*Asks:* 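Have a look at this one before I ask anything.
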Amino acid sequence: MKTVVSGWVAVITIAEIAKSIQELVNEQTVKTVDFVSPLVLCVTMMLSILVVHHERRRGVYSSGFQFCFWLLLSTCAILIFQSKVREAVSDDGISDVFRFVTFHLYFPAILVQFVLCWFSDKVEEFEQVTSEDPPCPEGQATFLSRITFWWFTSLVVQGYKKALERKDLWQLNQDDASATVVPHFDKCWQKQVQKSRKIQQSSSETPATDGIEIRSMNKDGTTYTEVNVVDGKKCQPAKLLNALVSAYSPMCLMTAFYKLIFDVFQFLSPLILKLLIQFTYDKSEFLWRGYFYAILMLVVAILQSFILHQYFHGCFLLGMRIRTALISAIYRKMLNLSNTARKNATVGEIVNLMSVDAQRFMDLMTYIHTIWSGPLQIIIALYFLWRELGASIFAGFAVMVILIPINALIAKKTRDLQVKQMNMKDKRIKLMNEVLNGIKVLKLYAWELSFEEKILAIRNKELRVLRTMAILNAVVSFTWTTAPFVTTVSLKRLQAFLNNEELDPNCVQRDLNSKHSITVDKASFTWEKDAEKTLSNISLEIPEGSLVAVVGSVGSGKSSLLSAILGEMEKLKGSVNVKGSVAYVAQQAWIQNATLQDNVLFGKPLSKEEYAKVIEGCALTQDLEILPGGDQTEIGEKGINLSGGQKQRVSLARAVYQDADIYLFDDPLSAVDSHVGKHIFDHVISSEGILKNKTRVLVTHGVSFLPKVDLIVTLVNGEISEVGTFQELMTHAGAFAEFLKNYLVNELENEENLEADLNDIEDLKRAEDLVSQLGSIMEDEGTKSLQKQVSKLSRMRTMSQTDSREDIRPRTNSELSAHCKPLTSSHSSLAKSGDIPQSPSSPGTKRPALKRQQSEFCHPSEKIKEKEAVIKQVEEKKKEDKLIQAEKVETGKVKMNVFYAYLKSIGLVLSIVIILFYILYNVSSVYSNIWLSEWSTDKPILKNGTNGTMIQVIDTDQRDLRLGVYGALGFIQGAFMMIANVIMVSGMQKASRNLHFSMLLNILRSPMSFFDTTPSGRLMNRFSKDIMAIDMIISENFKMMLMCLLMVASTIIVISMGTPLFLTAIIPLTILYIVVQRFYVATSRQLKRLESISRSPIYSHFGETITGVSTIRAYQQQERFNEESEQKVDENNICYYPSIVANRWLAIRLEFVGNCIVFFACLFAVIGRESLTAGIVGLSITYALNVTQTLNWLVRMTTELETNIVAVERVKEYSETPTEAAWVLEDNKPSDSWPDSGRVEFKDYGVRYREGLDLVLKGISCKINPGEKIGIVGRTGAGKSSLTLALFRIIERAKGSIVVDGIDIASIGLHSLRSKLTIIPQEPVLFSGSLRMNLDPFDYYSDDAIWQALEHAHLKNFVSSLPDKLQHECTEGGENLSVGQRQLVCLARALLRKTKILILDEATAAVDLETDDLIQHTIRTEFADCTILTIAHRLNTIMDYTKIMVLSAGEIHEFDSPQNLLQDDNGIFYGMAKDANLV
């Protein structure tokens, strides 16, 4: 249609051109305009048609350019139309009928085309995109709809009718999605990186390294960035600012253009006001001019509003894109960080980079143009002031010039303080992250108070810095000055992080034509560049399809060798080549917060046949039957609802399912018992297993597997000592023979457990062969002793075989001992109980059930159909059974108790005082303006001059009075503002401290069930983003809202005083204002909530990724995880973008109300000019002009306060969650010596994990005497771990009681209980800080006591060798210690506390056998007189215990000595041993 109309106009213009040519041919006079005008119009129409089609091809269906063009053309045509009408009605009549007719054919067409521009073109069907989310209507909105943001109205109305939900929101525009934004920025950033490398190469004589090193140096608490110097040459960092400018300068220039036009328009209103004041002063001017000025003022104000909010919209959109790009860049960088860089860049710091520093760029965008706009406005203002006031303006200008460097100095000081504050925040977030990750350990050790004090100490320092910053800003506030300075801090922090050293991607070559699968040639490796070598002179060739075992003592470098093959270490020399894809199983399993199936698939499509095969091979079938949702069960963060063994088998299944070419296994079998380990080795790893044709490298301590491997690599002190087959290495007394001898000696060192050892050797014959071979090549005393022990065991076995042929009869304990093979039952170690709701089972079906399970264990494929039917039922209950529940979203208006809680945190009296001083400030401000207005209308004194003339004389007394009062009012204003600001700073700081403290206090006192169901990212969001809002944003919102409210009230009063008629207009305008405000607030508030909860998954995903970064890199899954992160950022932006638009939607409409106030103020000034003075008119209209922005800011700040107070709501929510029992009960504290004997009695004890769930322990009744050693066994879900958790009251009783040395543990405080029990937990958790702090955070013990504990924990030599000894700094999670060393640190903690009761919760499940031996030896010697309760992982460790407690379905089914239990061949304990073929 638009093309047709434009074509029609072109035809008319061609007709006019033809007419002009005809007249020229007929030698008639033709005016130049009659020829040129239609010619230009014809060309214009042709161009218009081309532009329409070009824009349609680009997907533009409503053109702003076309709209403006047809608007101007229509305006010009209206003026011509008026002339034509006048000509037609004149006496002379129409002079040129042809052109008169063509114009009247052309004029309607122009108007029709202008009207068509109000509508958008129809979207072609093939261009419509289908998506789960509805498309954003902005793309198809008309130009008018876009500049007024009318397209957003439907969402506002929907938000007013009901609380918005995520499904109500639109998808992101394509240009704003990560898929578009991230590659664009990454391209610009990589250019800067390459440029930096070229500069480095050209300036250095030595070849440049791939990484660009930036170090953060600490000096006096201040962090600054320093560039490394290599051979005297600076390593130039890549410039982040340059990359941002390169990527976003076009969009930034467009917003600058809007800003320039707006600044020009700002000076039009004062000029029109001057004309209006002159009109009021000069009563002789025509009245129509006054009305014209009023209308002109309205038009200029409306155009100003349109331009300003296009500027703001562009700035916020640019900020959102920059934030998206930066978060992606941070995430991508984290996936590639070197180990040295990771040591410096903690999780807390990187979360801050994402949440705070990236956010600062969004905030900066609206201020950045002030750098050039501010001086421009000052220059233009000075010019107009010069014209009005002359030289007197220089006094004010001089004051401004003097204040600029003062403000710049304050801004610089603010920046320095900002650096300090960010350092404090980084430390606080880092420590909080560690506390949340290790909360279970803190509770078991009763260490919460120590870490609470550490966090609060950092928080108090942070608040002191924030207080100083706030006072500086209270003294003088120049936002446009401070914003760029403060953002400089964030820029430097981000640039430093993005320039951190990365892992060398060429460290490991991938030559597919290589002869061997893995080739390492004369290579040396280290974990950090400046550290000593970890691996030296490694040369190794591993043929395709071979199975290679890597053995060596603790700390010999086994795990490091696998890391070197993966490219995770710094290569100092040599080469590494890997042929084909790699799968990796880490020593500590990494599990995602996803379903068990998703953890196994790991991004690969599901093949049911392969999947079933993998599940069977990795011994997961029985677990799937026990888990409530089978393989669709959601696994909590860090695998919280899986045992150590289950996690390791899921990790193993993930690797197997990937069908890679090379498999690297970092001792995965140490986390499972020997029977399951044998099953996995036979069905997966061995030459007969699923991976039989793959290249497999297995770090292992399992001696029974070694004869079955193709090659054995022996490591000693980081070097390869020997490589060969088992038979080759057993021909001489080398490092492997020494390793084997030490292993066997350790296993057999306890004479009393002789009959229960050698559990990892397949049978006695193999043991005899091993010792025989060792004896032939080694003749030391250790080998001879070993031969004697095995000979004794051989005789016992012979007796056992003889007895087994006899009829079953009652036997003596010594006879029974001969029948005992080492017991390591799968039922005791498949998983820890209690974390998983178990399937109900009848107590009466003990043995049949076990036999059935064993059968199912071997045949999982038969259960697939049945399992699929169950999954359908599980899906229906998935929401209610979901472990990690969706974050709660409040709906509707923020409750008044939230505001009350915040004001209460400040102090109610202090709040009233703050409001009072702001009112006094505003009153003094208004009166000073009224005083100035009255001063301007003072009439001069007239005196008779010479020659009969009258001269004006200044009344100096009156002038001095006016000046003195005005100065005094100014001083009073400043004093009131200063006092109000200082009091507000104090109040807000108090609120921040109180709210953070109450949340921290409540979180640390929350039960473990809270942490099991709440992702750590959600909690980190509260402690980072929400606390930042309380610290820095809410106080400003509160201040600005109060100022705006008082300003609006002042404006209405001042205008009404001058023109009372204005009150007639204020009522409908107020109604319109309230309607708009109510619609907006309902929508904006809910959008803020949705945005807040959509932010948490970004941090949760990041935390999860950084924990498993080695696994992700090994599987080459970086891109998939990048995409997942970007999807979560997009999800957040889907909620954030509407809130940007909502602000603009509101501003346009509120400014229209403000513009109406300006118009009516002008209109009523025109109407009442006879009774008004020029001063009053100027004052009222000046206030009216200011109220346009003030009204907008009032609603904005009211809404911002309500939306940001959501942070208080969210903090308050986690300050009121249910907590544990009191830590200490002063009235009922046990004595310091309690427990003095270690007697434990369970009386009909029952417990459940949460209300509404079944009991996991049912009627437990038993007595444990002082000094008894109790082994606790049972299958998955039996209740083993629940029993230990109950002892610590991690879960509270549902019935019955537990009595320890005569005291019911429920009657005393939790810390009184937990500090008197000792535990060695399954997972060794360390915190960043000194080694001494990790052993004794309260500084209770002397250094001598700690050294003694370290000696008994076999760590003294290691710690003594460290440069800082006890002050050795442990990194986050203790990553600079091996897993075995971390577990020994936990043993040292237990030795320090050494109470009468010791609990071992599968303490050796995740460590190698050597560490296990050290721990068991220490426990037997140092805790000999203690009561010990052990959840058994390797049954040989409890065969000498006093009693064995067999749990099944939450009940004690057997409780007696091991010898007595083995006499009952129908018993569960006997059956567990027999099923494993151990008796």
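Here the structure is a predicted model, which means the values were calculated and not measured. One is the number of the first residue; the rest follow in order along the sequence. We use all heavy atoms of the structure for the numbers below, so side chains are in, but hydrogens, waters and symmetry mates are not.
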*Asks:* In Å, rounded to the nearest 0.5 Å, how long is the span from CG of Leu1042 to CG of Asn922?
*Replies:* 8.5 Å
*Asks:* Set out, in order, the CA-CA distance, both residues' side-chain angles and the distance that settles side chain to side chain contact (heavy atoms under 4.5 Å, CB included) for Arg1210 and Arg1089, then state yes or no.
*Replies:* CA-CA 9 Å; Arg1210 286 155 60 82; Arg1089 285 168 170 158; over 6 Å; no
*Asks:* Side-chain contact, heavy-atom cut-off 4.5 Å: Asn1133 with Met320?
*Replies:* yes
*Asks:* So, taking the atom named CZ in Arg1095 and the one named CD in Glu1091, what distance separates them when rounded to the nearest 0.5 Å?
*Replies:* 4.0 Å
*Asks:* Check for me whether the distance between the ring centres of Tyr311 and His369 falls short of 6.0 Å.
*Replies:* yes
*Asks:* Identify the heavy atoms of Gln310 and Arg146 that sit nearest to each other, and give their distance.
*Replies:* NE2-O, 3.5 Å
*Asks:* For Asn1132 and Arg323, does a side-chain donor sit closer than 3.5 Å to a side-chain acceptor?
*Replies:* yes
*Asks:* Other residues, nucleotides and ligands only: do more than 12 of their heavy atoms fall within 6.0 Å of CZ on Phe257?
*Replies:* no
*Asks:* Going through the checks in order, is the side chain to side chain contact (heavy atoms under 4.5 Å, CB included) test met by Val1158 and Leu298?
*Replies:* CA-CA 7 Å; Val1158 174; Leu298 177 64; over 6 Å; no
*Asks:* Between the side chain of Thr142 and the main-chain N/O of Ser145, is any donor-acceptor distance below 3.5 Å?
*Replies:* yes
*Asks:* With a cut-off of 6.0 Å (strictly less than), are more than 12 heavy atoms of other residues, nucleotides or ligands near CZ of Phe292?
*Replies:* no
*Asks:* Between the side chain of Ser48 and the main-chain N/O of Thr44, is any donor-acceptor distance below 3.5 Å?
*Replies:* no
*Asks:* Walk me through whether Phe306 and Thr148 qualify under side chain to side chain contact (heavy atoms under 4.5 Å, CB included).
*Replies:* CA-CA 7 Å; Phe306 286 156; Thr148 59; 3.7 Å; yes
*Asks:* Could you tell me the separation between the OH atom of Tyr258 and the SG atom of Cys315, rounded to the nearest 0.5 Å?
*Replies:* 11.0 Å
*Asks:* State, yes or no, whether a side-chain contact exists between Leu169 and Leu155 at a heavy-atom distance under 4.5 Å.
*Replies:* yes
*Asks:* Do the rings of Tyr160 and Phe1079 sit parallel, tilted or perpendicular, given the 30° and 60° boundaries?
*Replies:* parallel
*Asks:* Without swapping roles, check the side chain of Thr153 against the backbone of Trp150 for a donor-acceptor pair under 3.5 Å.
*Replies:* yes
*Asks:* So do the side chains of Trp170 and Ile1134 get within less than 4.5 Å of each other, counting heavy atoms only?
*Replies:* no
*Asks:* Specify the closest pair of heavy atoms between Pro1138 and Phe152, including all atoms of both residues, with the distance to one decimal.
*Replies:* O-CZ, 3.3 Å
*Asks:* Less than 4.5 Å apart, side chain to side chain, heavy atoms only: is that true for Leu271 and Leu275?
*Replies:* no
*Asks:* Is it true that atom NZ of Lys162 has more than 12 heavy atoms of other residues, nucleotides or ligands lying nearer than 6.0 Å?
*Replies:* yes
*Asks:* For a quick test of reading the model, state the closest non-hydrogen atom pair linking Met251 to Leu318 and the distance between them.
*Replies:* CE-N, 3.7 Å
*Asks:* Tell me the closest heavy-atom pair linking Leu276 and Val1166, and the distance in Å.
*Replies:* CD1-CG2, 3.8 Å
*Asks:* Starting at CH2 of Trp151, measure out to CH2 of Trp1145 and round the result to the nearest 0.5 Å.
*Replies:* 12.5 Å
*Asks:* Are more than 12 heavy atoms, taken from residues, nucleotides or ligands other than Arg166, located less than 6.0 Å from that residue's CZ atom?
*Replies:* yes
*Asks:* From Arg321 CZ over to Met362 CE, what is the distance, rounded to the nearest 0.5 angstrom?
*Replies:* 12.0 Å
*Asks:* Any heavy-atom pair between the side chains of Asn1143 and Phe312 that's under 4.5 Å?
*Replies:* no
*Asks:* Is there a side chain to side chain donor-acceptor pair (under 3.5 Å) between Asp175 and Thr180? Walk through the geometry before answering.
*Replies:* CA-CA 6 Å; Asp175 290 343; Thr180 304; 5.2 Å; no
*Asks:* List the steps, then state whether side chain to side chain contact (heavy atoms under 4.5 Å, CB included) holds for Tyr918 with Met977.
*Replies:* CA-CA 7 Å; Tyr918 275 115; Met977 176 58 79; 3.9 Å; yes
*Asks:* Considering residues, nucleotides and ligands other than Tyr383, do more than 12 of their heavy atoms fall under 6.0 Å from its OH?
*Replies:* no
*Asks:* Under the side chain to side chain donor-acceptor pair (under 3.5 Å) rule, what do Ser154 and Gln158 come out as? Steps first, then yes or no, please.
*Replies:* CA-CA 6 Å; Ser154 61; Gln158 189 177 2; over 6 Å; no
*Asks:* To check you understand the geometry: which heavy-atom pair defines the closest contact between Phe361 and Leu244, and what is its length?
*Replies:* CE2-CD1, 3.7 Å
*Asks:* Working to the nearest 0.5 angstrom, can you tell me the gap between Leu1087 CG and Cys1135 SG?
*Replies:* 7.5 Å
*Asks:* May I ask you to test the Ile261-Phe265 pair for a side-chain heavy-atom distance under 4.5 Å?
*Replies:* yes
*Asks:* Indicate the atoms forming the closest heavy-atom contact of Ala1082 with Gly159, along with that distance.
*Replies:* CB-O, 3.7 Å
*Asks:* Is any side-chain heavy atom of Tyr921 less than 4.5 Å from a side-chain heavy atom of Met1043?
*Replies:* yes
*Asks:* Any sub-3.5 Å donor-acceptor pair from Asp1130's side-chain atoms to Ser178's backbone N or O?
*Replies:* yes
*Asks:* With a 4.5 Å heavy-atom cut-off, do Gln304 and Glu1151 have their side chains touching?
*Replies:* no
*Asks:* Looking just at side-chain N and O atoms, do Tyr1137 and Glu138 make a donor-acceptor pair shorter than 3.5 Å?
*Replies:* yes
